[in-house]
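Please read the structure below before turning to the comments.
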Amino acid sequence: MTTQNTTAMHPDIERVLISEEDIQAKIAEIAAKIDRDYENRTPVLIGILKGSVLFLSDLLKRVTIDCSIDFMCVSSYEGDKSTGVVRLILDLRESIEGKDILLVEDIIDTGLTLGYLRQNLMTRKPRSLEIVSLLDKPDTRKVTIEAKYPGFQIPNEFVVGFGLDYNERYRNLPYIGVLKPAAYAGEGA
Ligand code: 5GP
């Protein structure tokens, strides 16, 4: 078996904010809490596309209780700016009536996305609904939203990696980082 140097830095990244190792340790912690809290229940983990894909898949691998997954896709961002208007692009396949729901999100910023989703999903009468979010920018909140299963609090900076994009790029980085200014000017590598 070979040892892998896991965090080779992308040339457009100015600095790594959260390393791959720290992300994976946090996901293991969150999975252990979910295992404890949902013992003998079968929650539905709803991934919010596209940003939560890496988080959801790594979380799923570590959760040992019986569970299922579904997806929703919403959009409110253009480039690195929130438009403030949340649009539902893809809805769930299954009914969530009477089910325990865990909404899995990449980041809570203004809270508008999760505020919209929470309101929308509560009309479908789930048994419970809680939020799991890898990142949280508490300083920019416009809607009161709190994750029951939080990952990391970060300052009000635009971040990419581990599912988060800038114009659809950088989702595949295994860490969370901040872009060099040149990457925004279209001069990225
Ligand atoms: P909110 O509706 O809470 O303002 O924002 C939630 C969504 O905005 C996230 O799911 C994510 O798609 C996007 N977002 C917010 N902050 C960032 C950021 O720093 N980087 C990236 N790539 N997306 C962000």
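Whatever order the structure lists them in is the order used to number ligands and atoms, beginning at 1.
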Exercise for the section: Can you sort out which atoms of ligand 1 are near Leu112, meaning under 4.0 Å from one of its heavy atoms? Expected result: 2 (O), 3 (O)
Handout entry: Check ion pair Asp12-Lys180 (N to O, under 4.0 angstrom)
Key = no
Exercise for the section: Ignoring angles and geometry beyond distance, decide whether Phe158 reaches within less than 3.5 Å of ligand 1 through its nitrogen or oxygen atoms. Expected result: no
Completion exercise
Within 4.0 Å of some non-hydrogen atom of Asp106, the atoms of ligand 1 are 9 (C), 10 (O), 11 (C), 12 (O)
Handout entry: Salt bridge Asp100-Arg41, side-chain N to carboxylate O under 4.0 Å
Key = yes
Practice task
Taking only heavy atoms of Glu105 into account, list the atoms of ligand 1 that are under 4.0 Å away from them.
Solution key: 10 (O)
Practice task
May I ask you to check if ligand 1 and Val159 share an N or O to N or O distance below 3.5 Å?
Solution key: yes
Practice task
Would you please determine whether Gly51 falls within less than 4.0 Å of ligand 1 on a heavy-atom basis?
Solution key: no
Fill in the blank from the handout: For Lys137, the atoms of ligand 1 under 4.0 Å from one of its heavy atoms are 16 (N), 17 (C), 18 (C), 19 (O)
Practice task
Assess whether side chain to side chain contact (heavy atoms under 4.5 Å, CB included) is satisfied between Arg171 and Phe162, documenting all intermediate values.
Solution key: CA-CA 6 Å; Arg171 292 193 197 275; Phe162 207 73; over 6 Å; no
Exercise for the section: Number the atoms of ligand 1 from 1 as they appear, then name those within less than 4.0 Å of a heavy atom of Asp165, with their elements. Expected result: 21 (C), 22 (N)
Completion exercise
Within 4.0 Å of some non-hydrogen atom of Thr110, the atoms of ligand 1 are 1 (P), 2 (O), 3 (O), 4 (O)
Practice task
Might you confirm whether atom CD of Glu146 has over 12 heavy atoms from other residues, nucleotides or ligands at distances under 6.0 Å?
Solution key: no
Practice task
Please confirm whether Glu157 comes under 4.0 Å of ligand 1, counting heavy atoms of the residue only.
Solution key: yes
Problem - Pairwise side-chain contact, Leu121 with Leu103, heavy-atom cut-off 4.5 Å (strictly under) - result: yes
Problem - Check: Glu130 and Tyr38 side chains under 4.5 Å, non-hydrogen atoms - result: yes
Handout entry: Backbone N/O of Ser95 and side chain of Lys99: donor-acceptor pair under 3.5 Å
Key = yes
